[in-house]
S.K.: 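Below you'll find the structure I mean.
Bear in mind the structure is a predicted one, so any value in this text is a computation, not a measurement. All values below come from the heavy atoms of this structure, side chains included, with hydrogens, waters and symmetry mates left out.
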Amino acid sequence: MIEATISVGDAENLVLLLGTQDQHLKLIRETIPAKISTREGNVLVQGEEDAVVQATAVLEELRLRIGRNGPLDPDQVSQVIRRVTSGEDAPRTNPISVLGGRAIHPRTAGQAEYVESIREHSLVFCTGPAGTGKTYLAVATAVEALNAQTIRKIVLVRPAVEAGESLGFLPGDLQAKINPYLRPLLDALREMMDYEKMQRYMDEDVIEVVPLAYMRGRTLNQAFIILDEAQNTTVSQMKMFLTRMGEGSRVVVSGDTSQIDLPPHTKSGLIDAIARLRDIDGYAQVKLTGTDIVRHRLVQEIVRAYESGAKKKR
């Protein structure tokens with residue numbers, strides 16, 4: 001039996017660390033078998049050595065994150081607990097600076113690798129399940145590059161492929177039918193800057209959000225181009241997209257190869273491109289996994305359940 005002490009300070013800091021009504025503390029106790037109590041502005045951790053080391057590491061990381069970013073939500077706390085208890089290294093990369101002085105921090109080692117790859121390579125492919133930050137971090141890094149004036153424009157691209165629904169039955173004209181497919185990119189962008197600035201950039205053509213079909217015949221220089229949901233491109237569409245890359249441009253291609261909505265017997269352009277391009281210079285591939293999921297804590301369990309079901313079928 002060993003004991004560790006963490007100095008917290010006043011009652012306000014203690015509430016931030018342990019959560020309202022001890023929400024965060026309960027999450028730690030559910031996973032790590034250590035006795036955690038408070039005394040005179042300190043948190044005391046007691047128990048077997050492994051449990052004390054893990055609980056102390058979680059509390060110290062939560063304390064550092066609160067100091068950088070302010071209050072944490074339970075999902076962020078759960079993510080820290082999962083990372084520490086799995087033995088995964090803490091992410092090590094500089095935060096992403098977006099407009100307005102806001103900083104976005106990769107939350108896992110996989111996400112940190114992804115951000116560093118984008119910063120260091122002209123072409124990056126990223127695969128991984130839902131909730132791993134593939135789109136969000138790519139858009140954030142694009143905004144960072146625009147803010148630093150290393151690129152002149154951002155182009156966000158998505159294939160308009162139906163996920164079990166029929167595009168023709170959606171109401172409105174062609175633009176209205178396409179907008180739902182582009183919405184996730186706009187949602188990510190909206191978190192990086194205020195609406196007025198985003199609208200002005202779009203009006204001035206500094207930011208474009210376009211369906212993949214609209215990319216044919218273009219050459220984009222000094223642009224940051226992101227292709228989202230790339231698993232739903234065909235081989236010819238992927239070739240067309242990649243050859244739009246002009247001087248001084250950077251390209252990020254992301255997708256989830258477990259969620260392909262192409263017609264049967266149609267090869268995914270994402271899977272094909274990863275196999276074809278793996279030996280070229282200036283290219284990086286990052287594979288995120290379930291441990292990189294940073295949405296609601298249940299998303300990781302949902303992804304694991306579906307993956308387990310797919311393996312049983314095979």
S.K.: Applying side chain to side chain contact (heavy atoms under 4.5 Å, CB included) to Ile207 and Lys153, what does each step give before you reach the verdict?
M.R.: CA-CA 6 Å; Ile207 294 176; Lys153 71 180 298 176; over 6 Å; no
S.K.: So, the side chain of Gln285 versus the backbone of Val124: is there a donor-acceptor pair under 3.5 Å, distance only?
M.R.: no
S.K.: If you count heavy atoms of other groups shown closer than 6.0 angstrom to CG of Asp50, is the number above 12?
M.R.: no
S.K.: Has Asn232 got a side-chain atom pairing as donor or acceptor with Asp261's backbone, closer than 3.5 angstrom?
M.R.: yes
S.K.: Show the nearest heavy-atom pair for residues Thr56 and Ala4, with the distance to one decimal.
M.R.: OG1-CB, 3.7 Å
S.K.: Tell me, yes or no, whether the heavy-atom count around Asp10 atom CG, taken from other residues, nucleotides or ligands under 6.0 Å, exceeds 12.
M.R.: yes
S.K.: Under a 3.5 Å threshold, yes or no: a donor from one side chain and an acceptor from the other, between Thr135 and Asp228?
M.R.: yes
S.K.: Is Glu120 atom CD crowded by more than 12 heavy atoms from other residues, nucleotides or ligands, each under 6.0 Å away?
M.R.: yes
S.K.: Please find the pair of heavy atoms, one from Thr233 and one from Leu270, that lie closest to each other, and give the distance.
M.R.: OG1-N, 3.8 Å
S.K.: Please list, chain by chain and in numerical order, all residues satisfying ring-ring contact (aromatic ring centres under 6.0 Å, His included) with Tyr283, sequence neighbours excluded.
M.R.: Phe125
S.K.: Give a yes or no on this: more than 12 heavy atoms of other residues, nucleotides or ligands lie within 6.0 Å of atom CD of Glu48.
M.R.: no
S.K.: How close do Ala142 and Ile151 get, counting heavy atoms only, and between which atoms?
M.R.: O-CD1, 4.1 Å
S.K.: So which atom in Lys134 and which in Ser254 form the shortest heavy-atom distance, rounded to 0.1 Å?
M.R.: CB-CB, 3.9 Å
S.K.: Could you report the tightest heavy-atom contact between Leu220 and Met215, atom names first, then the distance?
M.R.: CD1-CE, 3.5 Å
S.K.: Can you tell me which residue pairs pass the ring pair (Phe, Tyr, Trp, His ring centres under 6.0 Å) test with a partner in residues 2-48, sequence neighbours excluded?
M.R.: none
S.K.: Do Asn221 side-chain atoms and Glu247 backbone N/O form a donor-acceptor pair below 3.5 Å?
M.R.: yes
S.K.: Dump the intermediate steps for side chain to side chain contact (heavy atoms under 4.5 Å, CB included) on Leu189 and Tyr136, then the final yes or no.
M.R.: CA-CA 8 Å; Leu189 192 60; Tyr136 187 80; over 6 Å; no
S.K.: Is the CD atom of Gln199 crowded by more than 12 outside heavy atoms at less than 6.0 Å?
M.R.: yes
S.K.: For Lys197, is there any backbone N or O sitting under 3.5 Å from a side-chain donor or acceptor partner on Asp194?
M.R.: yes
S.K.: Any chance you could measure Leu146, atom CG, to Thr141, atom OG1, to the nearest 0.5 Å?
M.R.: 12.5 Å
S.K.: Apply side chain to side chain contact (heavy atoms under 4.5 Å, CB included) to the pair Asp256 and Thr127, showing each step before the final yes or no.
M.R.: CA-CA 5 Å; Asp256 179 358; Thr127 59; over 6 Å; no
S.K.: Say whether Leu44 and Val53 are linked into one hydrophobic cluster, either directly or through other cluster members, by side-chain heavy-atom distances under 4.5 angstrom.
M.R.: no
S.K.: Atom CZ of residue position Arg276 - does it have more than 12 heavy atoms of other residues, nucleotides or ligands inside 6.0 Å?
M.R.: no
S.K.: At their closest point, which heavy atom of Glu3 faces which heavy atom of Gln46, and how far apart are they?
M.R.: OE1-NE2, 2.7 Å
S.K.: Sequence neighbours left out, cut at 3.5 Å: what donor-acceptor pairs do the side chains of residues 26-38 make with other protein atoms?
M.R.:
residue: Lys26; atom: NZ; partner: Gln21; partner atom: O; Å: 3.4
residue: Arg29; atom: NH2; partner: Ile36; partner atom: O; Å: 2.6
residue: Thr31; atom: OG1; partner: Leu27; partner atom: O; Å: 3.4

S.K.: Is it the case that the side chain of Thr266 and the backbone of Leu262 share a donor-acceptor pair, with hydrogens and angles ignored and the cut-off at 3.5 Å?
M.R.: no
S.K.: Glu113 and Thr108: side chain to side chain contact (heavy atoms under 4.5 Å, CB included), yes or no, with the steps?
M.R.: CA-CA 9 Å; Glu113 179 192 354; Thr108 70; over 6 Å; no
